[in-house]
Amino acid sequence: MAPIPQAFFARPAPDVARDLIGATLLVDGVGGLVTETEAYDHEDPASHSYAGRTARNASMFGPPGHAYVYRSYGLHWCLNLVCGTEPAGSAVLIRALEPVAGIEAMRQRRGTAVPRLLCGGPGRLSQALGVTGALDGCPVDRPPFLVLAREREVPVVSGPRIGITRGTETPWRFGLRGSAFLSRRFG
DNA sequence: TGTCCGATATGCT
DNA sequence: GCATATCGGACAA
């Protein structure tokens with residue numbers, strides 16, 4: 001597998017979100033296969049970037065191939081990868097992955113040994129990989145990040161995104177078909 | 001399965 | 001000041 005160059009992210013968020021399914025994402029050697037993503041962009045009412053640039057979403061308007069990490073509900077961290085050609089304000093939310101490397105570290109951070117509860121959901125995933133606001137704006141082609149392209153094509157399903165109140169019709173949630181490591185099943 | 005609620009940063013009024 | 005938020009865990013049924 002080859003590391004994914006930043007140019008990979010300089011495309012529309014839905015394209016990147018789809019192509020990330022099956023890729024390998026590691027943070028300090030802890031991570032696994034990406035099984036679920038969601039795309040957001042500047043013209044999308046569900047996106048943090050919709051209302052323009054603010055202090056919180058600044059990295060979303062930065063160069064592609066960097067992380068956008070924000071706090072959700074005051075207690076969870078969510079990891080996004082910035083996409084598009086700047087200043088697009090688009091990003092892909094990593095919602096779930098299949099644990100492969102550093103599983104013991106994930107168990108300790110998450111306080112559970114149930115595989116699907118380690119990285120099934122954006123908040124869980126961030127906790128398992130040790131992602132915090134400290135990584136906001138960091139490039140994903142350098143440590144502690146490592147993103148590896150998938151080796152072969154994988155079956156991808158799509159559907160409406162989760163946990164949003166606007167833009168619910170846009171089917172920008174993507175998942176690895178048949179995977180047991182999804183935050184929710186696809187209808 | 002469904003419902004409830006915690007705990008807080010952010011942005012709008 | 002206040003409503004909302006890309007959620008997760010607990011607990012009832």
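Order of the sequence lines sets the chain letters (A, B, ...), proteins ahead of strands, with each chain counted from 1.
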Tell me: [atom1] of [X] to [atom2] of [N], nearest whole Å?
| X | N | atom1 | atom2 | result |
| --- | --- | --- | --- | --- |
| A/Ile164 | C/dA5 | CD1 | C1' | 12 Å |
| A/Asp136 | B/dT10 | CG | P | 10 Å |
| A/Arg71 | B/dA7 | CZ | C1' | 10 Å |
| A/Arg53 | B/dT10 | CZ | C1' | 16 Å |
| A/Leu75 | C/dA5 | CG | P | 15 Å |
| A/Arg116 | C/dG9 | CZ | P | 13 Å |
| A/Tyr73 | B/dC4 | OH | P | 15 Å |
| A/Tyr50 | B/dT10 | OH | C1' | 19 Å |

By nearest-heavy-atom nucleotide on DNA chain C, the more 5' of A/Gly121 and A/Arg166 is A/Arg166

On the ring face of A/Tyr73, is A/Arg71 found with NZ or CZ under 6.0 Å from the centre and within 45° of the axis?
no

For DNA chain B, the expected dot-bracket line (Watson-Crick or G-U under 3.5 Å, [ ] crossing, | inter-strand) is ||||||.|||||.

Taking the basic N atoms (NZ, or NE/NH1/NH2) and the acidic carboxylate oxygens, is any pair closer than 4.0 Å for [X] and [Y]?
| X | Y | answer |
| --- | --- | --- |
| A/Asp136 | A/Arg56 | no |
| A/Asp44 | A/Arg166 | no |
| A/Glu38 | A/Arg95 | yes |

Testing C/dA5, B/dG11, B/dC12 for proximity to the side chain of A/Thr165, the answer is C/dA5

From the candidates C/dG9, B/dA9, B/dG11, the one with an atom nearest any side-chain atom of A/Thr54 is B/dG11

Categorize [X] for me: base, sugar-phosphate, or nothing, with a 4.0 angstrom heavy-atom threshold over every strand shown.
| X | answer |
| --- | --- |
| A/Ser183 | nothing |
| A/Arg161 | nothing |
| A/Arg110 | sugar-phosphate |

Between A/Ala91 and A/Met60 the two heavy atoms that sit nearest each other are CB-CE, 3.9 Å

Side chain to side chain donor-acceptor pair (under 3.5 Å), that's the test. Do A/Arg109 and A/Gln127 meet it? Break it down for me. CA-CA 6 Å; A/Arg109 288 166 177 161; A/Gln127 186 181 23; over 6 Å; no

Ordered by number, residues from residues 91-100 of chain A within less than 4.0 Å of DNA chain C (heavy atoms) are A/Leu93, A/Arg95

When rounded to the nearest 0.5 Å, the distance separating CZ of A/Arg184 from CZ of A/Arg173 is 7.0 Å

* Asked: Taking atom types as modelled, is there a side-chain donor on A/Glu98 or A/Ser179 under 3.5 Å from an acceptor on the other?
  -> no

How about A/Gln6 and A/Pro139: do any of their side-chain heavy atoms sit closer than 4.5 Å? yes

